[in-house]
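Quick notes on the structure that follows.
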Protein chains: 2
Amino acid sequence: MKKSNKKSQLPASKNENDQYENSGSLKPTTREKIVKAASTIFSNFPYYAASIRMIGKEAEVDHPLINYYFPTKADLFQEVLKITIDEYYKANVQWFDGLAALGPEKGFSLYIDRFIDFALKHPKPMRIIALNLVQAKQFDIIPGYQLLQQFFLNAMQAFIKSVPVKGADFDIQRLTTNFNTMAINYLGASDYYAGILGMESQSPEYLKWVKDSLTYIILPWLKQLLEEVETDNRGIGGETVTARRKRGQ
Amino acid sequence: MKKSNKKSQLPASKNENDQYENSGSLKPTTREKIVKAASTIFSNFPYYAASIRMIGKEAEVDHPLINYYFPTKADLFQEVLKITIDEYYKANVQWFDGLAALGPEKGFSLYIDRFIDFALKHPKPMRIIALNLVQAKQFDIIPGYQLLQQFFLNAMQAFIKSVPVKGADFDIQRLTTNFNTMAINYLGASDYYAGILGMESQSPEYLKWVKDSLTYIILPWLKQLLEEVETDNRGIGGETVTARRKRGQ
DNA sequence: AAGTTTTTTTTACGATCGTTAAATTCACTT
DNA sequence: AAGTGAATTTAACGATCGTAAAAAAAACTT
């Protein structure tokens with residue numbers, strides 16, 4: 001509340017669409033530079049290990065200037081989270097394009113190829129999620145924790161929106177949760193897992209391992225989901241996700 | 001190197017077996033209190049968010065006393081990691097007891113029950129792993145990173161040692177890695193995942209979800225592994241794990 | 001009981017943290 | 001060219017961090 005009056009006259013992005021990628025203009029604004037640098041730092045260090053001074057250095061900006069655009073570190077982090085999750089969601093929706101005509105095997109294969117390709121070009125989202133996801137809720141450590149949860153809900157929604165799946169919502173939820181859990185780990189913590197496997201985290205060998213793992217584990221259930229009829233209640237706890245939503249959370 | 005001379009006269013645990021659980025004696029030593037408190041703090045905060053002062057408070061000890069037993073924070077963390085991973089490994093081996101006679105379904109079911117039961121009684125190991133696993137290798141943030149990797153290698157070894165599996169090592173590696181990845185996430189970051197699912201992290205409902213997920217995803221491949229003969233090379237990249245090890249890393 | 005060693009407490013150093021406030025520079029309007 | 005508001009730099013605050021060193025207390029040896 002100390003700075004509620006200050007907040008009202010804060011500079012904000014004029015263009016609603018501008019991510020930190022800077023939508024086409026020649027040189028990025030200071031605000032954009034800060035957000036971009038912040039996303040870099042926050043994708044390499046968990047919230048409390050990352051510092052405003054690191055971000056300032058990365059953005060080539062005096063660090064108090066960051067407080068001019070973002071009154072607190074938490075504000076900046078939440079902004080990065082918001083952009084990151086939004087960017088990821090929009091990409092995720094696109095990966096489904098034209099998959100329906102290919103059938104489960106080829107469709108799933110292409111989806112993962114697109115996914116991995118995106119993760120290689122934009123490694124930050126998965127890392128930011130992975131780095132901060134575990135943090136204990138009970139300690140209220142991470143600002144924007146709801147946004148972090150939104151990540152999975154978005155992924156499920158993108159799936160439902162794009163795939164003509166007929167199974168119980170409960171099964172869909174399990175499928176997407178399991179898929180994204182592995183994806184976040186294997187792509188967001190690739191150094192760790194590649195290290196275990198004796199591979200390099202960027203190598204085709206490792207990426208093939210990731211794809212194979214996701215395929216072996218998810219594809220059979222995806223197939224089954226696509227074949228199921230709505231009345232089939234094979235899933236444990238037949239309650240649908242929509243029913244759960246109506247109930248509140 | 002500043003304190004290499006000091007290190008030689010450091011107090012150490014006389015009994016090789018004493019974990020922070022204190023093997024039977026009446027009151028824990030100061031060292032044990034510190035290690036136990038440290039494991040609590042390190043299971044709630046990632047390495048850099050945890051502080052020596054937090055640990056001192058938790059152990060009810062003046063914080064400089066910690067430096068008397070552990071010259072640096074990194075030393076203490078590595079000690080906790082070592083104990084944690086060792087404790088987990090020994091428990092893991094025990095979960096396999098008497099499973100062979102039950103067949104895949106019942107054996108796997110009992111294994112997971114034991115696993116989840118352990119995770120409820122000893123939530124720290126999974127959390128410590130989950131909290132620090134993602135950290136970038138290239139920044140050398142986390143001391144004892146090799147120990148963190150050891151976790152997965154141990155899990156695979158426990159599996160091979162206890163299950164009469166005939167498949168290619170490559171397939172075994174994928175099976176155990178996928179299994180433990182999900183286990184670490186769902187049990188080590190249960191607040192997050194339960195939150196997504198609209199459940200409570202300790203509830204029977206959520207634990208059932210975890211068990212079901214692990215079962216659906218792993219069991220089919222476990223069955224297949226148990227049926228495979230050694231010459232079957234269905235796995236991608238037929239190189240065995242032992243061959244990989246001989247090659248170095 | 002005196003002396004010695006081990007353990008614990010006290011105090012404090014230097015570094016870094018997020019944030020604030022004032023001084024300065026810049027961009028723009030008149 | 002003067003004036004004005006926004007953007008940026010400079011300087012510094014209080015807090016916390018890991019660690020060190022010295023003082024004090026406790027435990028042990030003789």
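A note on names: the letters A, B, ... follow the listed sequences, proteins ahead of strands, and every chain is numbered from 1. Atom set for the values below is all heavy atoms of this structure, side chains included, hydrogens, waters and symmetry mates excluded.
Rounded to the nearest 0.5 Å, atoms CD1 (I34(A)) and CD (E60(A)) are 12.5 Å apart.
Computed from coordinates, the I55(B) CD1 to dC17(D) C1' distance equals 12 Å when rounded to whole Å. Atom CG of L65(A) is separated from atom P of dT8(D) by 5 Å (rounded to the nearest Å). Summarising the geometry, the separation between CZ on F70(A) and C1' on dA7(D) is reported as 15 Å, rounded to the nearest angstrom. Here the C1' atom of nucleotide dC17(D) and the CG atom of L76(B) are 15 Å apart, to the nearest Å. For M54(A) and dT19(C), the CE to C1' distance is 17 Å, given to the nearest whole Å. Spacing between atom OH of Y69(B) and atom P of dT19(D) amounts to 18 Å, rounded to whole angstrom units. N67(A) has its CG atom 18 Å from the P atom of dA11(D), to the nearest Å. dT20(C) atom P lies 14 Å from atom CD1 of I66(A), rounded to whole Å.
The listed nucleotides are dT6(C), dT19(C), dT9(C); the one nearest the side chain of D62(B) is dT9(C).
The closest side-chain heavy-atom distance from Y88(A) to M126(A) is below 4.5 Å.
Annotation: cation-pi pair K73(B)/Y47(B) present, NZ/CZ under 6.0 Å from the ring centroid and within 45° of its normal.
Toward the 5′ end of DNA chain C lies the nearest nucleotide of A49(A), the other residue of the pair A49(A) and P64(A) mapping further downstream. Each of V61(A) and R53(A) has a nearest nucleotide on DNA chain D; the 5'-most of these lies closest to V61(A).
Note on T30(A): a side-chain N or O is less than 4.0 Å away from OP1 or OP2 of dT8(D).
Nucleic acid contact class of A74(A) (heavy atoms, under 4.0 Å, all strands): none.
Partners of T40(B) under the side-chain hydrogen bond (donor to acceptor under 3.5 Å, both in side chains) rule, at least two apart in sequence or in another chain, are K124(B).
Between W95(A) and F115(A), the two ring planes are parallel [angle under 30°; tilted spans 30° to 60°].
The base of dT19(D) sits within donor-acceptor range of the side chain of H63(B), with an N or O pair under 3.5 Å.
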